[in-house]
Amino acid sequence: MEKVQGEMEIERWERSEEISDAEKKVIQETWSRVYANCEDVGVSILIRFFVNFPSAKQYFSQFKHMDDPLEMERSLQLRKHARRVMGAINTVVENLNDSEKVSSVLALVGKAHALKHKVEPIYFKKLTGVMLEVIAEEYANDFTPEAHGAWTKMRTLIYTHVTAAYKEVGWAQYPTATL
Ligand code: HEM
């Protein structure tokens, strides 16, 4: 009896996290403005991410010892990663109606970061949180409460798919820092 209720709760949670057609449209509209300044916004997001969570720099050979945001801004490795992050998110946003494509793009990102870069998955939660913060600030006029709700679901979508890929490749669940 209890189990049935638990299952129902999970189902209800999943339904509440589903991105509606109207929310997809809102995400695509905000993103089209953000992506027009892809490199600048991407670099701002990453710099804030590394300033707020300096331990995240450990994975990047060329700037792991950098503390100065101005110096980070000149790092080609940071810029390259900014472009790649923005490019992958762009593919997800463009394919929000194609759940298989969304899953395959994010599974690829998750698997590469688990197996090749050995990044703790909690950093995806932190980075997507910073991404929302920067977009909300820089595009304040577009970031209505509705857009905020839609983007929060987008963040969950990214994190859920990425962590599913980590689980699939058998990533050990080490205790991680909280947000
Ligand atoms: C939504 C979040 C992210 C996306 C879409 C993303 C995307 C990518 C892509 C497409 C690449 C290049 C292909 C590859 O080697 O896998 C890459 C490389 C990399 N990513 Fe990410 N990434 C994200 C978050 C992170 C985070 C949170 C970290 C670490 C804190 C990280 C660390 C790295 C590293 C170390 C590389 C290799 C860099 C290099 O070779 O210069 N990524 N990422």
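Start at 1 and go down the list; that is how both ligands and their atoms are numbered. Everything numeric here is computed off the predicted structure, so don't read it as measured data.
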Result block: side-chain N/O donor-acceptor pairs under 3.5 angstrom for residues 127-143, not counting sequence neighbours:
{"residue": "Thr128", "atom": "OG1", "partner": "Phe124", "partner atom": "O", "Å": "2.7"}
{"residue": "Thr128", "atom": "OG1", "partner": "Lys125", "partner atom": "O", "Å": "3.1"}
{"residue": "Thr128", "atom": "OG1", "partner": "Arg155", "partner atom": "NE", "Å": "3.2"}
{"residue": "Glu133", "atom": "OE1", "partner": "Arg48", "partner atom": "NH1", "Å": "2.9"}
{"residue": "Glu137", "atom": "OE1", "partner": "Arg48", "partner atom": "NH2", "Å": "2.8"}
{"residue": "Glu137", "atom": "OE2", "partner": "Arg48", "partner atom": "NH1", "Å": "3.0"}
{"residue": "Tyr139", "atom": "OH", "partner": "Asn37", "partner atom": "ND2", "Å": "3.1"}
{"residue": "Asp142", "atom": "OD1", "partner": "Arg33", "partner atom": "NH1", "Å": "3.1"}

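- In this structure, Phe63 and Phe60 have parallel ring planes: the angle between them is below the 30° cut-off, well short of the 60° mark.
- Partners of His65 according to the side chain to side chain contact (heavy atoms under 4.5 Å, CB included) rule, which considers only residues two or more places apart in sequence or in another chain, do not exist here.
- Put simply, the side chain of Glu39 reaches to within 4.5 Å of the side chain of Arg79, judged on heavy atoms.
- Contacts of Ser99 classified as side chain to side chain contact (heavy atoms under 4.5 Å, CB included), with partners at least two apart in sequence or in another chain: none.
- Within 6.0 Å of CD in Glu29 there are more than 12 heavy atoms belonging to other residues, nucleotides or ligands.
- Protein residues lining ligand 1, listed by chain and number: Phe49, Ala56, Tyr59, Phe60, Gln77, His81, Arg84, Val85, Ala88, Val109, Ala112, His113, Lys116, His117, Val119, Tyr123, Phe124, Leu127 [non-hydrogen atoms, distance under 4.0 Å].
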